[in-house]
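Everything on this sheet refers to the single structure shown next.
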There are 2 protein chains.
Amino acid sequence: MPNASTARTDESTRSRILDVAERLVQVRGFNGFSYADVAAELELTKASLHYHFRGKAELGEALMARYSERFAAALAAIDEKVLDAPAKLDAYAGLYADVLRGRRMCLCGMLAAEYHTLPEGLRGAVTRFFDANEAWLAKVLAEGRHSGSLRFDGEVRETARSIVGGLEGAMLVARSYDDPERFRSAAALLLASFTRPGTQAAA
Amino acid sequence: MPNASTARTDESTRSRILDVAERLVQVRGFNGFSYADVAAELELTKASLHYHFRGKAELGEALMARYSERFAAALAAIDEKVLDAPAKLDAYAGLYADVLRGRRMCLCGMLAAEYHTLPEGLRGAVTRFFDANEAWLAKVLAEGRHSGSLRFDGEVRETARSIVGGLEGAMLVARSYDDPERFRSAAALLLASFTRPGTQAAA
DNA sequence: GTCTATAACGAGATAGAC
DNA sequence: GTCTATCTCGTTATAGAC
């Protein structure tokens with residue numbers, strides 16, 4: 001059994017690898033970075049990376065697992081704040097806005113673009129991420145419609161999908177202009193179509 | 001000066017290279033295909049490709065030039081049909097739906113994802129494509145609002161941007177599920193928020 | 001216009017020492 | 001855990017024959 005120091009070092013290196021790889025995938029894509037890039041940035045060798053992750057496919061899966069966990073935790077944190085539905089949607093869009101800093105694309109949106117070149121394990125992780133997002137949004141939308149704080153036509157599930165797509169696309173485009181304000185503006189318009197003026201105040 | 005036959009052969013090979021490369025980029029990304037892929041599919045050698053396009057960057061630029069031209073022509077064709085604004089938006093979304101077949105992403109959306117790894121010339125082409133789309137949509141939106149066939153809050157330019165983003169994102173996600181219906185549904189919802197029931201029939 | 005041949009480099013991965 | 005050394009393969013690109 002490794003002692004505390006060894007275990008701590010191990011964990012730390014593993015997570016630093018994930019940090020660097022995550023950023024590289026979000027900025028350059030899964031096909032746009034290499035073990036050499038990660039190794040150079042951490043002043044390690046490629047061989048060392050192979051100790052922590054058997055190969056690029058496994059690294060990618062660890063990346064998605066951690067990202068999905070974090071996203072789920074962020075959604076749970078929004079739920080705990082007991083906001084009304086419009087405020088939850090705002091907070092949800094805020095998660096995307098946070099990601100967009102540092103010229104990053106949503107990890108999952110980036111992988112979605114490269115979908116047909118991804119190792120099998122990563123493909124499943126991508127759709128599961130979208131599924132989880134849609135399910136959370138569907139819950140919020142249903143709440144909001146029931147309480148009257150949101151107003152929209154169409155089915156809850158399809159509306160949730162259009163929100164995921166709308167935000168992913170807004171990120172995608174905004175990134176080409178290096179202009180987060182494009183995202184913010186598009187997200188605001190998108191959400192405004194559900195939270196109309198007077199919806200909360202008027203009868 | 002080359003004779004007619006030579007010129008015809010040249011054009012044909014050049015355009016067949018563009019056809020194959022275009023599909024490969026749309027499906028696998030600019031960093032997900034190689035000269036070898038194109039050459040194999042056309043039963044040519046890589047060296048022959050270099051005769052037609054100096055390098056991958058030049059091929060990419062030719063790809064974007066042709067794609068942008070075609071898109072502009074498609075927009076002009078919509079304009080010539082003298083449709084009302086809602087019908088123009090439907091036709092616009094239809095262009096995206098056409099692209100989505102064959103598991104393809106919008107060429108420009110794909111390049112937007114890979115933006116930070118692209119050769120300089122290609123980056124400019126990406127933003128010019130989005131600019132042209134936004135300008136066309138802005139014109140349609142302004143027309144529709146003026147004639148009363150469209151109803152939306154927010155500025156015309158920002159609304160145009162949210163449509164481009166919304167459609168690109170809907171494509172991006174739908175492709176991961178190999179389900180064009182996801183796109184159709186999200187696009188319909190997006191456009192429905194501008195063309196509300198009764199907008200055209202009611203006073 | 002297309003080919004063969006090859007250069008020059010980078011990517012993903014492994015063996016085995018320390 | 002990390003290293004050096006090495007392997008194999010793919011990628012972009014060029015030279016020069018046909």
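Letters A, B, ... are given to chains in the order of the sequence lines, protein chains preceding strands, and every chain is numbered from 1.
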Side chain to side chain contact (heavy atoms under 4.5 Å, CB included) partner of A/Pro86, chosen from A/Leu150, A/Leu191, A/Val140:
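Among A/Leu150, A/Leu191, A/Val140, the one that satisfies the side chain to side chain contact (heavy atoms under 4.5 Å, CB included) with A/Pro86 is A/Leu150.
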Quick test of your reading of the model: are A/Arg104 and A/Asp98 salt-bridged, counting only N-O distances below 4.0 Å?
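Salt bridge flag = no for A/Asp98 with A/Arg104.
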Tell me the interatomic distance from [X], atom [atom1], to [N], atom [atom2], rounded to whole angstroms.
X       : N      : atom1 : atom2 : value
B/Leu49 : C/dC3  : CG    : P     : 9 Å
B/Tyr51 : D/dA17 : OH    : P     : 18 Å
B/His50 : C/dA7  : NE2   : P     : 16 Å

For [N], does either OP1 or OP2 sit under 4.0 Å from a side-chain N or O belonging to [X]?
X       : N      : result
B/Thr45 : C/dT2  : no
A/His52 : D/dT2  : yes
B/Ser34 : D/dT11 : yes

May I ask you to say what B/Phe33 touches in the nucleic acid, namely base, sugar-phosphate or nothing, with a heavy-atom cut-off under 4.0 Å?
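Touches sugar-phosphate only.
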If you check every side-chain atom of B/Tyr35, which of D/dT12, C/dT2, C/dT14 has the closest atom?
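Selected nucleotide: D/dT12.
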Which heavy atom of B/Val156 sits nearest to which heavy atom of B/Arg145, and what is that distance?
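Reported closest heavy-atom pair: CG2-NH1, 4.0 Å.
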Give the ring-plane orientation class for B/Tyr96 versus B/Phe71, where under 30° counts as parallel, over 60° as perpendicular and anything between as tilted.
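Perpendicular.
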